[in-house]
Enquirer: 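Submitted below is the structure of interest, expressed as structure tokens.
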There are 2 protein chains.
Amino acid sequence: MIFPDPPTGRLAEIVDTAWRLVETRGWANVSMRTLAAELNIKAPSLYKHVKTREDIATHIATKAFIQLGQGLHEHCESVEDLLAEYRSMARENSNIYRLLTSSEFPRNLLPEGLETWAVTPFYLVTDHDPIKGQALWAFAHGMAILEIDARFAGPNNGSPRGWRVGDRRAGV
Amino acid sequence: MIFPDPPTGRLAEIVDTAWRLVETRGWANVSMRTLAAELNIKAPSLYKHVKTREDIATHIATKAFIQLGQGLHEHCESVEDLLAEYRSMARENSNIYRLLTSSEFPRNLLPEGLETWAVTPFYLVTDHDPIKGQALWAFAHGMAILEIDARFAGPNNGSPRGWRVGDRRAGV
DNA sequence: GTCTATACCCGGATAGAC
DNA sequence: GTCTATCCGGGTATAGAC
């Protein structure tokens, strides 16, 4: 995987600020105006650094996928570790995670192969069986998004203390 | 589970039309104006039948969860059947499914307990072990949404021919 | 139940000066 | 790189007549 050069200078500040804003309000509530305000500039100024609003989402998502991928690659010794890492990433950046996985996100703007690279550990940890890899990834994502969105019933929104796979448990 | 009375008369037509529109364009692209146009009326007229736009989403989601729940309850003899049913429901109404599971959806407006009822089969089929039930639901949802959003890599977007659980395979 | 008219607000984005 | 001024489109929703 060839990573794109990370943003530098003013652009980096913009992306970082946008990231923070997304994490607190959600992407849908981050407009060019609110972002500009947070940077103490006016909205039109942003267009000197970025072509469209989607570009900002793309920068954030690229950074997020790299971060996620690195975290996962460092924890693919066991299924338990991998799941625990995935879970904590999703929970600690829930709105970023939602942006990454939302259907409206323009995935085609991402660097080619980035998402695939990020989730490779799911395939590594399942003996390179693609079917098992897909299944494990799907399980991890399903657990993450259902938990984040509080869709499990029961006390504490039904969030399990850990995620179990087969007979094993991925402790938090 | 006590189901709410389904909409009748003009309201039913509105909801049905909205359903169709959502399925073709996605909820984000269904405005009061476009919906009204499809019904050959003007947008303000809709407010005689519905209080807000969110109400329409709620009506659609309610209908969809009932439909999904019924389908699942009829196919909870085996894990394979249940997964196959879930998958085909999600694939045949992908944009409705996205609405149901999107983070922005105002789940609090749904009839109390409806979603929980709809997914009970996942718990029934896993010997009422809540952990296993959650895991199976999460797996099913994860597979569905990753497949629908074409996030699997590989030919045909990497969609598996069927979903496998453990050593078993859920045929399409 | 439908209409017209309209208020109101918000969004993304551009042009051109400094 | 930032500004002001502005365009333009879109959205939800209300008032009041028919």
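Both backbone and side-chain heavy atoms feed into the values below; hydrogens, waters and symmetry mates do not. Small disclaimer: the values here were computed from a predicted structure and weren't measured. Below, chain A is the first sequence line, B the second, and so on; all start at residue 1.
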Enquirer: B:H49 versus B:P7: any side-chain heavy-atom pair under 4.5 Å?
Expert: no
Enquirer: How would you label the contact of B:R10 with the nucleic acid (heavy atoms, under 4.0 Å): base, sugar-phosphate, or nothing?
Expert: sugar-phosphate
Enquirer: Atom CG of B:L35 and atom P of D:dG10: how far apart are they, to the nearest Å?
Expert: 17 Å
Enquirer: Between atom CE in A:M32 and atom P in D:dG1, what is the gap in whole Å?
Expert: 15 Å
Enquirer: Whole angstrom is fine here: how far is it from CG in B:L39 over to C1' in C:dT2?
Expert: 12 Å
Enquirer: D:dT14 C1' sits how many Å from B:L46 CG, rounded?
Expert: 14 Å
Enquirer: Please work out if B:S45 contacts a base, only the sugar-phosphate, or nothing of the nucleic acid, heavy-atom cut-off 4.0 Å.
Expert: base
Enquirer: Which of the following nucleotides, D:dT4, C:dA5, D:dG11, is nearest to the side chain of B:T34?
Expert: D:dG11
Enquirer: Looking at B:E13, is its backbone amide N or carbonyl O close enough to the side chain of B:T17 to form a donor-acceptor pair, meaning the two atoms are under 3.5 Å apart?
Expert: yes
Enquirer: Do B:Y47 and B:M32 have side chains that get closer than 4.5 Å, going by heavy atoms?
Expert: yes
Enquirer: Taking the side chain of A:K48 as its heavy atoms from C-beta onward, which of D:dG11, D:dA5, D:dG1 lies nearest to it?
Expert: D:dG1
Enquirer: Between A:E23 and A:R20, is there a side-chain N and carboxylate O pair less than 4.0 Å apart?
Expert: no
Enquirer: Measure CZ/B:R33 against P/D:dA13 and give the value in whole Å, please.
Expert: 12 Å
Enquirer: Kindly point out which of C:dA15, D:dT14, D:dG11 is positioned nearest to the side chain of B:P44?
Expert: D:dT14
Enquirer: Heavy-atom count around A:Q70 CD within 6.0 Å, excluding the residue itself: above 12?
Expert: yes
Enquirer: In whole angstrom, give the distance that lies between atom OH of B:Y47 and atom C1' of C:dA5.
Expert: 15 Å
Enquirer: With respect to the side chain of B:H49, which nucleotide from C:dT2, C:dG11, D:dT12 is positioned closest?
Expert: C:dT2
Enquirer: How many whole angstroms separate atom CD of B:E104 from atom P of D:dG11?
Expert: 17 Å
Enquirer: Please state how far atom CD1 in B:I41 lies from atom P in C:dC3, giving the value in whole angstrom units.
Expert: 6 Å
